[in-house]
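Residue numbers begin at 1 in each chain, while the letters A, B, ... track the order of the sequences.
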2 protein chains.
Amino acid sequence: MDILVTMSTSERPRKRGRQAEAARNDRRLLAAAREVFTSQGADAPVSAVAERAGVGIATLYRRYGTKEELLQKLTVSAAEQYSEAARTALAAEDPWEGLAGYVRECVDFGPGSLAPIAGTVRFTPEMAEAGRVSDRLADEVVARAHAAGVLRADATTIDVFLVIEQFSRRPPVPTPADAHARERLVALVLDGLRARPDNTDFPLPGRPPSAERYDELWRRD
Amino acid sequence: MDILVTMSTSERPRKRGRQAEAARNDRRLLAAAREVFTSQGADAPVSAVAERAGVGIATLYRRYGTKEELLQKLTVSAAEQYSEAARTALAAEDPWEGLAGYVRECVDFGPGSLAPIAGTVRFTPEMAEAGRVSDRLADEVVARAHAAGVLRADATTIDVFLVIEQFSRRPPVPTPADAHARERLVALVLDGLRARPDNTDFPLPGRPPSAERYDELWRRD
DNA sequence: GTTTAACGGAGCATTCCACTCCGTTATTTT
DNA sequence: AAAATAACGGAGTGGAATGCTCCGTTAAAC
């Protein structure tokens with residue numbers, strides 16, 4: 001780690017010296033936080049984040065006054081990533097490939113799903129806003145697929161969210177093999193989501209889940 | 001809770017008094033342990049188990065000398081439950097309904113999937129044996145579905161396990177709405193697992209996952 | 001050479017948790 | 001009815017983990 005710090009000046013020629021190190025640490029910390037909290041859950045030790053970022057604890061606390069603050073920022077950042085994935089999906093030519101890609105990307109982004117954090121931090125206005133945007137975009141992706149008749153009619157945006165959420169639950173220490181397995185399972189689910197002539201023979205059970213449930217997941221503080 | 005204890009004598013006429021209470025506590029403790037550990041993970045406090053069972057901590061420790069011992073017993077009991085579900089599946093007339101029922105039952109049994117515990121306890125011979133039996137039975141269920149041509153050809157027993165494992169990952173405090181959502185998602189996956197003429201157009205990506213990965217999950221102590 | 005900005009990590013106070021100990025309560029035996 | 005037995009509950013203990021602070025160090029900037 002000493003080595004890293006020593007080498008630091010040569011990495012990004014834009015800024016130099018301490019300022020460059022600081023900028024790099026900014027990014028590293030967020031990435032590390034994402035990996036740690038999404039894989040180990042919200043009560044992973046803050047020290048683990050610092051360690052993973054190759055940085056002292058104080059350096060972390062200089063940026064985020066508190067663990068909760070870090071988690072909140074993380075949430076916003078993740079929602080933005082979801083939005084980005086949705087925009088990519090909307091830009092795709094084929095509506096089905098768009099949707100499928102959206103789901104895959106969100107799931108892959110994996111360390112990014114914040115389901116494990118849900119309910120452990122207070123809801124900030126910033127989080128609410130980012131969530132609204134991301135939700136709306138996801139709606140568009142799903143609506144487009146529906147309009148094209150490629151998505152089974154009885155599946156809703158919430159169902160898609162639930163898929164992503166479920167597959168974002170990961171073991172504490174994921175292995176490469178896990179990723180492969182997940183890929184197969186996601187393919188399986190996507191296959192189930194596809195519009196087919198026999199869909200009416202095997203309808204999804206019950207009523208479509210309401211958005212409330214999903215919101216609640218986050219609201220409860 | 002006082003009430004429960006007081007009422008105790010009337011519940012099971014077989015045995016009476018303290019012995020009956022003890023027998024009841026035996027069952028309650030295992031059930032409570034299952035619910036707690038599977039929903040909150042293996043490092044849920046032992047006290048939570050006792051509380052959920054409506055029993056003092058000492059009562060728990062009188063039966064299981066240590067937390068690890070409790071987890072190990074739990075594992076065995078879960079494997080047996082899986083085996084039982086497989087036997088039910090094999091007894092079903094329709095091979096597809098058998099398989100679908102197996103998956104649903106294992107997932108529902110949910111508090112029963114021990115994925116969250118994997119890797120946190122030492123592997124006992126008893127666990128190994130129970131696992132072997134359960135694996136073999138699951139193989140039979142899948143083989144029967146394959147033989148009947150109702151399960152997509154590129155899906156393996158391991159895939160089925162992975163489905164169950166993935167859907168057994170639950171939020172810490174599951175709500176009734178969660179159960180409903182899960183039901184829909186499982187239906188989706190099952191629909192994806194069904195043999196269809198167009199299966200070859202959308203094959204599962206990659207090679208079938210090896211059993212090793214699944215074993216490793218448990219072996220690492 | 002001095003000031004300043006960023007860093008690292010030991011240490012503190014606190015919480016949490018597995019497990020023990022002992023007094024209480026209810027049944028069974030004599 | 002009294003003594004012995006069996007099961008129970010839960011406060012208490014020691015130790016480990018964790019969020020956060022404080023301060024000495026290092027390196028860029030002036």
Pick out the pairs of N or O atoms, protein on one side and nucleotides 17-21 of chain C on the other, that lie under 3.5 Å.
{"residue": "C:dA18", "atom": "OP1", "partner": "B:Lys67", "partner atom": "NZ", "Å": "2.6"}
{"residue": "C:dA18", "atom": "OP2", "partner": "B:Val46", "partner atom": "N", "Å": "2.8"}
{"residue": "C:dC19", "atom": "OP1", "partner": "B:Thr66", "partner atom": "OG1", "Å": "2.9"}
{"residue": "C:dC19", "atom": "OP2", "partner": "B:Tyr61", "partner atom": "OH", "Å": "2.9"}
{"residue": "C:dC19", "atom": "OP2", "partner": "B:Lys67", "partner atom": "N", "Å": "2.9"}

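Remark: B:Asp139 engages B:Thr157 in a side-chain contact (heavy atoms from CB on, under 4.5 Å) (not counting sequence neighbours). Listed by chain and residue number, A:Ser47, A:Ala50, A:Tyr61 satisfy the side-chain contact (heavy atoms from CB on, under 4.5 Å) test with A:Ile57 (two or more places apart in sequence, or in another chain). By the side-chain hydrogen bond (donor to acceptor under 3.5 Å, both in side chains) test, A:Thr156 is found to be paired with A:Asp159, residues two or more places apart in sequence or in another chain being considered. B:Arg144 pairs by the side-chain hydrogen bond (donor to acceptor under 3.5 Å, both in side chains) definition with nothing, not counting sequence neighbours. Remark: A:Glu84 pairs with A:Arg87 by the side-chain hydrogen bond (donor to acceptor under 3.5 Å, both in side chains) rule, at least two apart or across chains.
Salt-bridge check for A:Arg24 with A:Glu21: failed, with every basic side-chain N at 4.0 Å or more from each acidic carboxylate O.
Protein atom CD of B:Glu51 is 11 Å distant from nucleotide atom P of D:dA11, rounded to whole Å. Spacing between atom CZ of A:Arg28 and atom C1' of C:dA6 amounts to 15 Å, rounded to whole angstrom units. Between the C1' atom of C:dA5 and the CD atom of A:Gln19 lies a distance of 9 Å, rounded to the nearest Å. Atoms CD (A:Glu21) and P (C:dC7) sit 6 Å apart, rounded to a whole Å. The distance from atom CG of A:Leu60 to atom P of D:dT18 is 15 Å, rounded to the nearest whole Å. Residue A:Arg63 contributes atom CZ, which lies 17 Å from atom P of D:dC20 at whole-angstrom precision. Taking atom OH on B:Tyr64 and atom C1' on D:dC8, their separation rounds to 16 Å, with Å as the unit.
Remark: B:Asn25 is in phosphate contact with D:dC8, judged by side-chain N or O atoms under 4.0 Å from OP1 or OP2.
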